[in-house]
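One structure is given here, and the rest of the page talks about it.
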Amino acid sequence: MIREANAADLPALLDLYLDLHETRLPDAERADAAWRKILSDPDHHVLVCDLKGEIVSSCVCAVLPNLTRNARPYALIENVVTRKDHRGKGHATACLDRAREIAADAGCYKIMLLTGAKDAATLDFYRHTGFDDGEKTAFIRRLD
């Protein structure tokens, strides 16, 4: 079942992010403050795939206001992750499908997704779910 994360999901999400790229859990006070801010923003959607009480996959979909494209918003997807032992079962696809619905319902004209993955299987997965890697070029500038 795909649903929006709730306040009680923070520990499970942080644990899931260890399967993404994190190597350790963040400081509890800092994580709690960020989580409260995320939950208070109606345009910030943390989607989870909940299998009988276990969060096995997730993605974040943020809807951003915009002044171009007739002032239509756009969506940004980040932190797509599935537990290693649950990959290949359609859970992340279901999360991305729900993110697409949220973006469409908000009137977004596009959804952008960035990935740090370089392996062919992950890139093929994103292509298979409808994302085009040939349309734009992404640049990232780290601030830490």
Side-chain angles (χ1 to χ4, degrees), residues 1-66 69 72-144:
M1 168 178 96
I2 305 303
R3 63 173 175 79
E4 296 252 1
N6 60 53
D9 290 325
L10 180 59
L13 270 172
L14 292 176
D15 186 60
L16 178 63
Y17 288 158
L18 293 174
D19 279 357
L20 181 60
H21 53 64
E22 297 299 308
T23 56
R24 60 185 171 88
L25 296 177
D27 171 75
E29 186 176 319
R30 192 173 191 164
D32 286 339
W35 190 230
R36 283 192 305 276
K37 189 171 183 177
I38 288 167
L39 291 175
S40 71
D41 182 349
D43 291 325
H44 199 141
H45 305 270
V46 179
L47 304 172
V48 297
C49 179
D50 184 329
L51 289 183
K52 300 175 185 175
E54 180 186 10
I55 294 176
V56 299
S57 188
S58 180
C59 76
V60 172
C61 176
V63 175
L64 300 156
N66 182 39
R69 305 290 179 157
R72 289 178 64 198
Y74 60 92
L76 177 65
I77 293 179
E78 272 285 341
N79 298 334
V80 179
V81 59
T82 300
R83 285 210 178 283
K84 290 178 183 171
D85 57 339
H86 285 277
R87 291 182 182 163
K89 299 176 183 175
H91 304 311
T93 299
C95 286
L96 291 174
D97 287 346
R98 180 67 186 116
R100 185 196 49 76
E101 291 170 2
I102 288 168
D105 290 348
C108 293
Y109 78 95
K110 72 177 177 182
I111 303 170
M112 294 185 294
L113 181 150
L114 298 174
T115 181
K118 305 292 185 213
D119 62 287
T122 301
L123 300 178
D124 286 344
F125 163 72
Y126 289 129
R127 290 181 195 107
H128 177 75
T129 58
F131 290 90
D132 178 6
D133 62 342
E135 186 176 335
K136 294 224 175 203
T137 302
F139 291 87
I140 295 175
R141 183 175 182 179
R142 297 274 178 202
L143 300 177
D144 9 69

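When reading the values below, keep in mind they use all heavy atoms of this one structure, side chains included, and skip hydrogens, waters and symmetry mates. Treat the numbers as computed from the prediction; the structure is a model and nothing was measured. Nothing fancy with the numbering, it's 1 onward along the sequence.
L114 CG to Y126 OH: the interatomic distance, rounded to the nearest 0.5 Å, is 10.0 Å. Taken to the nearest 0.5 Å, the CD1 atom of I38 stands 12.5 Å off from the NE2 atom of H45. Note that CG of D97 is 9.0 Å distant from SG of C95, once rounded to the nearest 0.5 Å. Rounding to the nearest 0.5 angstrom, the gap separating the CZ atom in R100 from the CD1 atom in I77 is 10.0 Å. Taking CE of M1 as the reference point, atom CZ of R98 lies at 12.0 Å (rounded to 0.5 Å). Going from atom CG of L76 over to atom NZ of K110 covers 10.0 Å, rounded to the nearest 0.5 Å.
Residues R36 and D32 are in side-chain contact: their nearest non-hydrogen atoms beyond the backbone lie under 4.5 Å apart. Using a 4.5 Å heavy-atom threshold, the side chains of V80 and L113 count as touching. Residues V46 and N79 are not in side-chain contact: their nearest non-hydrogen atoms beyond the backbone lie 4.5 Å or more apart. Looking at heavy atoms from C-beta onward, V56 lies out of side-chain contact with K89 at the 4.5 angstrom threshold. Annotation: side chain of L96 is in contact with side chain of F125 (closest heavy-atom distance under 4.5 Å).
Other residues, nucleotides and ligands contribute only 12 or fewer heavy atoms inside 6.0 Å of the CZ atom of R69.
For T129 (side chain) and T93 (main-chain N/O), no donor-acceptor pair under 3.5 Å exists by modelled atom type. Using a distance-only test at 3.5 Å, with no hydrogens or angles considered, a donor-acceptor pair links the side chain of N66 to the main chain of R72. Formation of a donor-acceptor pair under 3.5 Å by the H91 side chain with backbone atoms of G88 is not found in this model. Between the side chain of D9 and the main chain of N6, a donor-acceptor pair closer than 3.5 Å is present. Remark: the backbone N or O of K84 is paired with a side-chain donor or acceptor of D19 at under 3.5 angstrom. In terms of modelled atom types and a separation under 3.5 Å, the side chain of S57 and the main chain of V81 share a donor-acceptor contact.
D15 has a carboxylate O that lies under 4.0 Å from a charged side-chain N of R83, or vice versa, which qualifies the two as a salt bridge.
Listed here is the closest heavy atom pair of I102 and C61: CG2-SG, 4.4 Å. In plain terms, the two heavy atoms of L18 and R24 that are nearest each other are CD2-N, 3.8 Å. The minimum heavy-atom distance between D41 and D43, with the atom names listed, is OD1-N, 2.8 Å. Of all heavy-atom pairs between A7 and W35, the closest is O-NE1, 3.2 Å. When all heavy atoms of K37 and S40 are compared, the closest pair comes out as O-OG, 2.9 Å. Residues L47 and S58 share a closest heavy-atom pair of O-OG, 2.7 Å.
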Where do L123 and K118 land on the side chain to side chain contact (heavy atoms under 4.5 Å, CB included) test, with the steps shown first?
-> CA-CA 7 Å; L123 300 178; K118 305 292 185 213; 5.6 Å; no
